[in-house]
Each structure stands twice: as C-alpha cells, then as structure tokens.
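Worksheet: the structure to be examined is printed underneath.
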Amino acid sequence: MSDRWVRAERAWMFEQGDALFLLDARQVLRRMAQQSADLARAVLALYRAPRSRDELLLALSELTGAPIESTDVIDALCDELKRAGAIVRVPSHTPHVQPPAMGRAGLRVVLGITGAVQSSFSPTMASLLMAEGHTVRVCATEESLRFCSAMALTALTHSPVCSSLWDASAYGPAPHIRLAEWADLVLVAPASATTLSRIAQGVCDNPVSAVALATRAPVLLAPSMNVAMLEAPAIARTLETLRLDGHWLIEPTQGHEVALAPSARAPMHGTMPPPHELIPIVRAVVSTGPARRLPHAVSSLASWDARYLAEPDTRPWQSDALDEGLAELLAQHSAPSLRALDVGCGTGLVAAHLASLGCSVTALDGAAAAIAQAQARYPRAHVRWLCADARTVTLDGTFGLVHDRALLHVLAPEDVPLVLARYARWLSDQGTLVISVHSAQAPESLGTTRYTEASLRALLAPLGSVTLCESCTLRGPEATEVPALRAVLTRQG
Ligand SMILES: Cc1cc2nc3c(=O)[nH]c(=O)nc-3n(C[C@H](O)[C@H](O)[C@H](O)COP(=O)(O)O)c2cc1C
C-alpha cells in the first residue's frame, strides 16, 4: 500500500496578503503566494486526515469538480510540505486514529483543572478538545480558578463550570456524580500534586478528585509541577499508586517555573505538555477503546511478573550472553558517565553490561520479579533499577543511549505509539536508540509483532534517522534462534 501522509502537529503557518508562510520545526520560513498559497491551503486542509497520494488527488478533484490533469504541481507542493515538516508520513502499521468528525463521533470529555499554573492554558485545552469534535464540560478546583476564569471557560464550552460539590439545588444527583456518569473520558490537565494525592488516596472533597474517582470512564492525568515536587518520594509513591489503580499518566515535559523571576526562567522538567501536544495523546488513549477504564498494563504486567516467578524456561527470550553483535554496538554508542536507559531490562544482563562500560544506567521493567532477580544477579552493578511500566512511567532528564531488546514486539499495537513517544522524549538530541524486534521471518506462533525492515524504519522515522537496520537473531523457545531485526537510530528532534 502506498504511504499515507498527515498534517504534522509541529508546523506553524501565518498569512499576509496573498502569501502563506510556513515556519517549520527547524524554524525555516517558506513563503508561498497566490495560487500556490491557495493550493497549499487546500492540500493542508485535506491532510488533516491521513491520506495517500491517490486519496489526496481524488479529494482535490472532488473539491474542484474536475479530474486533476497535471499532477506535477501537486507533487512538487507535497514535496515542499514534506521537506518543511508540515505533513508527515503515517507509520504503516501504527493503528491510525481518525479524529472524530466535528459534533458527530466526538466523546463527552470532562476537563478537570487544578491549582497548577498550567491552568492558565485551560481555555486553549478546552478549545482544542472541542475542535477535535468532543463535547467538553469543565470541572475546577477552587485554586485552579485563580489561574483562569470560570466565565471564560463557560463562554467557550457553553456549559457552566462545576467548581463545587454543591449545586444550586440539593435535589437530584450531585454535580460530580452527574459529570462522572456523563463522561466518556476524564482528562485532568494540569493535575497538581495536591489533586493527584487526593485521587491516589480516595479523597473526594472537591469536584475534580470526586469525578476522577467516581467515573467508570478512563481517567488521564497530566501531572504538572515544579521538578523538586515531582521528584519528592511522596509524589513518586502517589504516581505509582495512580498507575496501579489503572489511571493513565501523561509524562511531564519541560516548562517554565513561574516561581522564578521572568528573567531567571529556564526550561525545567515537571510541567505538563502544552495543550496541542496533549491532543495526540488523548487520541491515542481514545483509540484503545472508549470504556476501558483499566489499561491492560495492570493485568498484563501481572502475567509478566508470574513468568519471572516461574521456571526460566517460561522465558525463552532470556539469555545469559549478550546477543551477537550487540556488545560492539553498545560499546560504540556508550561512553563513561553517559546516561543510559535499558527498557524492559528483564533480569538485567544489558543494564549490567552498560554499567561495566561506565555508563550511568537506569533499567526498568514492568515485572517486579524481574527487577528483584536483576538486583540479585548484579548486586554490585551501578544501576538504578526501577519497576515501572514503559507506557506510563515518568523519568527525569534525558538519556544519551536507550536500549530496547524485544519489548516493542510484545506490545499491543495501540501501546506502540505510547512507548515510541516516550523514547522520543527520553532520548537526548543526537542520542542513540538501539532496538531489537522479531522480523517477518519469525514464527507467527510466537504471537509477537513481526517487523519488516521497511515497517521498522517507518515506525522509527519520526524519532530521527535510522543509521543501521540489520538482521540478527534473538533467543527463542528451546534455544532456537528467532530471526530478528536490530536498528540503531540517532535522535533528531
Ligand atoms: C503561582 C503558583 C503556581 C503554582 N503552580 C503549581 C503547579 O504548577 N503545580 C502544583 O502542583 N501546584 C502548584 N501550586 C500550588 C497549588 O496551587 C496548591 O498546592 C493548591 O493547594 C493545589 O490545590 P488543588 O489541587 O485543589 O487545585 C502553585 C501555587 C502558586 C501560588
């Protein structure tokens, strides 16, 4: 099937007179005028939904009411838009999620806002959710309304903001219960440290925590706070509890700490991503099914744990020696003190090896039993062992090297974009991702996702440039060698 393309999240446009200016992700300005600008506007509008070239040409001919005679101009324009990063390739086997059409397929979203400074962006958040076709009701803590006005949110959503457990009338269901039942999705963005703790502890003394706890809909929480707060052990425990309770946690990103004077502000980890970056995350969660409150993380991680507690032969992929060729690659891309991350570290072989190369290693696995075994096997290795789910974990800072051996191919397809988005965030600029997955030649009976070189390259392309993609093998059942692919990617943001 031919490639499909879609409007990028990260291209900005502005207009003056007839001219359309496109400022791409690398801050390069491109100017198009008159008919080219009109055509570009039409093409960009059509690419709001993913399309192949043929689908684009068809849609354009429907728009103009005539068949497209010469496709050269359109191809040249599309090439220009691709170069500018205004349209991007849709990875071929990533489940593509159509944004719901305005007012039809949209969900009922409760937007919970709290006393974190990012609440000043709540009007934008509400507007973007509505632009996706969702119906939005806002639920606010008292403190959140210091950062934005209830009136503005009411005007935007055409619904009153729920900021108290007590309605005007004491008859009928309380407002938070009405909202909890009404919601298809609850998004608490930003989620303050206090509100997160309330939800983790089941404290329902304000409408936001009460809705999050009472609803049967999925709950997405976007923690947003000062990095020192985020790193406090109490908050780490809170986030872990929320994860185990089945909430979706959106990893914080870098933002400006308003506690500092404006002139002293530098980007600092801990704030929620800006509203336009939250929208694709909401889409990805929605695509996993509207009524799934518990991400399968909880149950499937329990089953991984059980495998690590059972006999080693239930883990045929496990090996006591590094895969052939991997040692050279790791040596090539590591350096003393380099921050390295081993995702899905199992019993710790690669993490301990990276530590022996002098890297400052963090290793994570969703199975607590795997982490316990890794710690027991390598008691002296300088590794920070974490029991955490790669789909939801929050990690501080970035890494010069991220290693994933055989995690991607066991993920459910809907989880792949979540993990790739984390790799994008965790990798430092020019950092290296080394990844191994089963290839198309691997036996289907293993039940893993089998990648071709093209599909793996397409999947990784948005993260940077793939500098190597080669065949290799991974240990399989009864000491067989399962055909696999190993790719090396250099992160380019
Ligand atoms: C200017 C200012 C900015 C704040 N920003 C944050 C923040 O980003 N994250 C956070 O967790 N708390 C922040 N706080 C503290 C919260 O407002 C405070 O903990 C409050 O009790 C949260 O209550 P709520 O969760 O009920 O909204 C900030 C406070 C002030 C005064």
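Position 1 is the first residue of the sequence, and the numbers go up from there. Hydrogens, waters and symmetry mates are skipped; everything else that's a heavy atom, side chains included, is used.
- The closest side-chain heavy-atom distance from Val73 to Leu39 is below 4.5 Å.
- A donor-acceptor pair under 3.5 Å links the side-chain atoms of Asp404 to the main chain of Leu407, judged by distance alone.
- Nearest approach of Leu338 to Gly400, heavy atoms of both residues: CD1-CA, 3.9 Å.
- Rounding to the nearest 0.5 Å gives a distance of 10.0 Å between CD1 of Ile235 and CG of Leu242.
- For the pair Leu354 and Ala340, the tightest heavy-atom approach, listed with the atom from each and the gap, is CD1-CB, 4.1 Å.
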>> As a quick check of understanding, evaluate salt bridge (charged side-chain N to carboxylate O under 4.0 Å, His left out) for Asp396 and Arg384, giving each step before the final call.
In response: CA-CA 12 Å; Asp396 55 313; Arg384 178 181 165 220; 3.4 Å; yes
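- With a 4.5 Å cut-off on side-chain heavy atoms, Val437 and Leu456 count as touching.
- Salt bridge Glu324/Arg486: absent, no basic N to carboxylate O contact under 4.0 Å.
- Ser52 places a side-chain N or O within 3.5 Å of a backbone atom of Glu55 that can act as its donor or acceptor partner.
- At least one donor-acceptor pair closer than 3.5 Å links the side chain of Arg339 to the backbone N or O of Thr398.
- Rounding to the nearest 0.5 angstrom, the gap separating the CZ atom in Arg405 from the OG atom in Ser319 is 6.0 Å.
- Of the charged side-chain nitrogens involved, none lies within less than 4.0 Å of a carboxylate oxygen, so that Arg491 and Asp429 do not count as a salt-bridged pair.
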> Given the rule in the side-chain hydrogen bond (donor to acceptor under 3.5 Å, both in side chains) test, do Thr71 and Arg53 qualify, once you have shown the distances and angles that lead to the verdict?
Replying inline: CA-CA 10 Å; Thr71 57; Arg53 176 180 176 275; 3.3 Å; yes
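- The aromatic rings of Tyr378 and Trp385 lie parallel to each other, with less than 30° between the two planes, well short of the 60° mark.
- Annotation: side chain of Leu278 is not in contact with side chain of Leu220 (no heavy-atom distance under 4.5 Å).
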>> Could you go through Thr347 and Tyr308, starting from their C-alpha distance and side-chain angles, then the distance that decides it, and tell me whether this counts as side chain to side chain contact (heavy atoms under 4.5 Å, CB included)?
In response: CA-CA 9 Å; Thr347 52; Tyr308 279 98; 3.9 Å; yes
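- Qualifying salt bridge (Lys or Arg N to Asp or Glu O under 4.0 Å) partners for Arg315, counting only residues two or more places apart in sequence or in other chains: none.
- With hydrogens and angles ignored, the 3.5 Å screen pairs a side-chain donor or acceptor of Ser439 with a backbone N or O of Pro483.
- Atoms CE and CG, from Met272 and Leu221 in turn, are 12.5 Å apart once rounded to the nearest 0.5 Å.
- When side chains are defined from C-beta on, Ile371 counts as touching Cys345, because their heavy atoms get closer than 4.5 Å.
- You'll find the side chain of Leu111 reaches within 4.5 Å of the side chain of Met125, heavy atoms only.
- Atoms OG1 and CG, from Thr473 and Leu485 in turn, are 11.5 Å apart once rounded to the nearest 0.5 Å.
- Rounded to the nearest 0.5 Å, atoms CG (Leu433) and NE2 (His333) are 10.5 Å apart.
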>> For a side chain to side chain contact (heavy atoms under 4.5 Å, CB included) check, start with the C-alpha distance between Leu395 and Leu386, then their side-chain angles and the critical distance, and finish with the verdict.
In response: CA-CA 10 Å; Leu395 297 174; Leu386 293 178; 3.6 Å; yes
>> Is there a side chain to side chain contact (heavy atoms under 4.5 Å, CB included) between Thr432 and Leu489? Walk through the geometry before answering.
In response: CA-CA 6 Å; Thr432 307; Leu489 172 135; over 6 Å; no
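- Scanning both residues, Ala217 and Leu185, for their nearest heavy atoms gives CB-N, 3.7 Å.
- Every pair tested for salt bridge (charged side-chain N to carboxylate O under 4.0 Å, His left out) that includes a residue from residues 341-354 fails, sequence neighbours excluded, so the list is empty.
- Nearest heavy atoms, Pro50 versus Val6: N-CG2, 3.8 Å.
- Under a 3.5 Å cut-off, the side chain of Gln430 and the backbone N or O of Gln492 do not form any donor-acceptor pair.
- With contacts defined as side-chain heavy-atom distances shorter than 4.5 Å, the pair Leu474/Glu481 does not qualify.
- Between Val488 and Val466 the shortest side-chain heavy-atom distance does not fall below 4.5 Å.
- Side chain to side chain, Thr452 and Ser455 meet the donor-acceptor criterion of an N or O pair below 3.5 Å.
- Looking only at distances, a side-chain donor or acceptor of Arg51 sits under 3.5 Å from a matching main-chain atom of Leu46.
- At least one side-chain heavy atom of Val43 sits under 4.5 Å from a side-chain heavy atom of Leu81.
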> For Leu401 and Leu341, what are the C-alpha separation, side-chain angles and deciding distance, and is it a side chain to side chain contact (heavy atoms under 4.5 Å, CB included)?
Replying inline: CA-CA 6 Å; Leu401 175 63; Leu341 174 68; over 6 Å; no
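- Of all the heavy atoms in Ser224 and Gln118, the pair that sits closest is OG-CG, 3.1 Å.
- Here Glu80 pairs with Arg83 in a salt bridge; the nearest charged N to carboxylate O distance falls below 4.0 Å.
- Put simply, the side chain of Thr241 gets close to the backbone of Arg237: a donor and an acceptor are under 3.5 Å apart.
- Of all heavy-atom pairs spanning Val482 and Pro443, the tightest one is CG1-CD, 4.0 Å.
- Look at Asp320 and Arg475 and you find no salt bridge, because none of the NZ, NE, NH1 or NH2 atoms lies under 4.0 Å from a carboxylate O.
- In this structure, the side chain of Arg425 engages the main chain of Glu251 through a donor-acceptor pair within 3.5 Å.
- Asp365 contributes no side-chain N or O that, together with a main-chain N or O of Cys387, makes up a donor-acceptor pair within less than 3.5 Å.
- Between the side chain of Ser334 and the main chain of Leu330, a donor-acceptor pair closer than 3.5 Å is present.
- Note that CD of Gln35 is 7.5 Å distant from CG of Asp38, once rounded to the nearest 0.5 Å.
- The ring-ring contact (aromatic ring centres under 6.0 Å, His included) pairs that include a residue from residues 394-437 are His409-His438, where partners are two or more places apart or lie in different chains.
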